[in-house]
Amino acid sequence: MIALKNAWSLLEWGVNVMNKPIRPKDLPEQEFFYGHKACAGCGATVAVRLAMKVLGERTFSVLPANCMSAVSFIYPQMAFTTNAMIAPFPATGAMLSGVAAGAKALGLKDFTTVGFAGDGGTADIGFQALSGAIDRGDDILYICYDNEAYMNTGIQKSGLTPYGTKTTTSPAGDNLPGAVTHKKNMFEIVAAHGIAYAATASIGYPNDFLKKLEKAKSVRGPVYLHILASCPTGWGSKTELTIELAKQAVDTGLWYLAEYEDGEFKLSKNPKEFAPVESYLSRQGRFKHLKEEDINVIIEQRDKKWEKMRKAWA
């Protein structure tokens, strides 16, 4: 009866996707990522769980060294109910290519090969393999869940850590505001490869995320999704604020929702005005030390970015 119920749920979900935009309540009851050992309020697990519900049973997952591999592959329990494997830290893109090629050689049809890598494993350690996979035109889906630091190994700064963030390798004090560099623009870097499809999303806007997942699943060739996934442990925030902070990052303009397809950029959300940056920063321990001049640097950088995007993409 459970199997029949799950099958009927999947069928109903398929009909919903065909007739209207996908919504969280339309997702199938069947779980493909369940029983992990992540921290309370972990945003990355939300991103992976939603992604697996859209991608479904015929999915091969590859995860490098990161929080998701650490909390999902704990013997004798496996959080993924589909085929999944751990890759060397820098090799997510390469292993995705190998899995896709192997499945094709076996004559498998109607499957998805997906990688779930963190910000450090994408923008820093794993960038070369990702770039190569895109350049080859391999039929893969690469998902970066961005919690803005190397959280699994002790909250160290990554190439996607925002300016002013206090981490164990970017301390804040009288002479430093925390991280002194701004986030790498991975979305545009990936798009510069001429990728088939790329998009940004946030777990704070799940409908947008699900819509982009569904599109990504249907695109042939390399696909890249970059998801903001809040982290209470690394961000120094309350666990119940996980989704709210991910939404607030978008509303303040510190994270944007966009797509790249057929050689063109398009904003998915173009707010007329931004929510106050201070209210977002003040709810996170990693930004508690910021002075007014530091916050002004963040706002100035945001405004420059949005001026460029609105002129070129909107």
Side-chain angles (χ1 to χ4, degrees), residues 17 21-22 32-33 44 47-64 66 68 82-84 87 91-104 108-119 121-123 126-146 160 184-203 205-229 256-268 313:
V17 169
I22 184 172
F32 302 103
F33 179 72
V48 175
R49 184 184 177 208
L50 289 176
M52 290 302 298
K53 278 181 171 285
V54 173
L55 300 178
E57 192 169 20
R58 294 185 62 77
T59 300
F60 301 104
S61 301
V62 175
L63 296 88
N66 58 35
M68 291 303 93
T82 59
N83 285 288
T92 307
M95 284 195 68
L96 283 172
S97 296
V99 171
K104 182 178 179 180
L108 301 183
K109 305 291 183 183
D110 188 28
F111 66 90
T112 301
T113 306
V114 61
F116 294 104
D119 46 284
T122 299
F127 178 72
Q128 181 183 26
L130 168 60
S131 179
I134 299 171
D135 185 59
R136 290 189 297 271
D138 293 329
D139 192 11
I140 63 168
L141 169 55
Y142 190 109
I143 296 179
C144 171
Y145 68 86
D146 186 357
L160 291 175
K184 289 182 185 177
N185 198 335
M186 275 301 298
F187 175 58
E188 291 189 46
I189 291 171
V190 166
H193 288 67
I195 195 169
Y197 177 69
T200 64
S202 167
I203 60 169
Y205 279 89
N207 288 9
D208 176 77
F209 180 29
L210 294 171
K211 176 183 176 182
K212 289 168 178 173
L213 279 166
E214 186 63 24
K215 181 181 287 189
K217 183 180 178 181
S218 66
V219 173
R220 298 278 66 84
V223 174
Y224 177 84
L225 297 183
H226 197 124
I227 318 303
L228 181 68
Y256 61 91
L257 306 180
E259 292 179 287
Y260 174 84
E261 191 174 17
D262 297 326
E264 295 185 358
F265 292 96
K266 180 176 66 175
L267 286 170
S268 307
W313 302 358

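For the side chain to side chain donor-acceptor pair (under 3.5 Å) test, residues two or more places apart in sequence or in another chain that qualify with E188 are N185, K305, K308. Remark: T92 pairs with no residue by the side chain to side chain donor-acceptor pair (under 3.5 Å) rule, at least two apart or across chains. Take A123 and apply the side-chain contact (heavy atoms from CB on, under 4.5 Å) test, not counting sequence neighbours, and it matches L160, K184, M186. Partners of K104 according to the side-chain contact (heavy atoms from CB on, under 4.5 Å) rule, which considers only residues two or more places apart in sequence or in another chain, do not exist here. Remark: T200 engages no residue in a side chain to side chain donor-acceptor pair (under 3.5 Å) (not counting sequence neighbours). D208 is linked by a side chain to side chain donor-acceptor pair (under 3.5 Å) to K212, counting only residues two or more places apart in sequence or in another chain.
Distance check, rounded to the nearest 0.5 Å: CD of Q128 to CG of L130 gives 11.0 Å. To the nearest 0.5 Å, atom CG of residue L225 and atom CZ of residue F187 are 10.0 Å apart. Taken to the nearest 0.5 Å, the CD atom of E214 stands 9.0 Å off from the CG atom of L55. Here the straight-line distance linking atom OG1 of T112 with atom CD of E57 works out to 12.0 Å at 0.5 Å rounding. Note that CZ of F209 is 11.0 Å distant from CG of L228, once rounded to the nearest 0.5 Å. A distance of 9.5 Å separates SG of C144 from CG of N66, quoted to the nearest 0.5 Å.
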L50 and L210: CA distance, side-chain angles, deciding distance, side chain to side chain contact (heavy atoms under 4.5 Å, CB included) verdict: CA-CA 7 Å; L50 289 176; L210 294 171; 4.2 Å; yes
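Nearest heavy-atom pair across A100 and F111 is O-CZ, 4.1 Å. Between S61 and T82, the shortest heavy-atom distance links the atoms OG-OG1, 4.5 Å. Of all non-hydrogen atoms in S97 and A133, the two that sit nearest each other are OG-CB, 3.6 Å. Y142 and G121 get closest at one heavy-atom pair: OH-O, 3.4 Å. The heavy-atom pair separating L141 from L96 by the smallest distance is O-CD1, 4.0 Å. Between P206 and I203, the shortest heavy-atom contact is CD-O, 3.6 Å.
When side chains are defined from C-beta on, Y260 does not count as touching V190, because their heavy atoms never get closer than 4.5 Å. Using a 4.5 Å cut-off on side-chain heavy atoms (C-beta onward), Y256 and W313 make contact. A 4.5 Å side-chain heavy-atom check between I143 and L213 finds at least one atom pair inside the cut-off. Inter-residue side-chain proximity for F116 and M52 is flagged as met; some heavy-atom pair is nearer than 4.5 Å.
In this structure, D138 contributes its side chain and G93 its backbone to no donor-acceptor pair below 3.5 Å. Using modelled atom types, no side-chain atom of R136 and backbone atom of P222 make a donor-acceptor pair closer than 3.5 Å. Under a 3.5 Å cut-off, the side chain of D262 and the backbone N or O of E264 do not form any donor-acceptor pair. In this structure, D146 contributes its side chain and I227 its backbone to no donor-acceptor pair below 3.5 Å. Under a 3.5 Å cut-off, the side chain of T59 and the backbone N or O of G56 do form a donor-acceptor pair.
Relative ring orientation between F127 and H193 is described as perpendicular, the plane-to-plane angle rising above 60° on a 0-90° scale split at 30° and 60°.
The residue from E261, R220, E259 that alone fulfils the side-chain hydrogen bond (donor to acceptor under 3.5 Å, both in side chains) condition with Y197 is E259.
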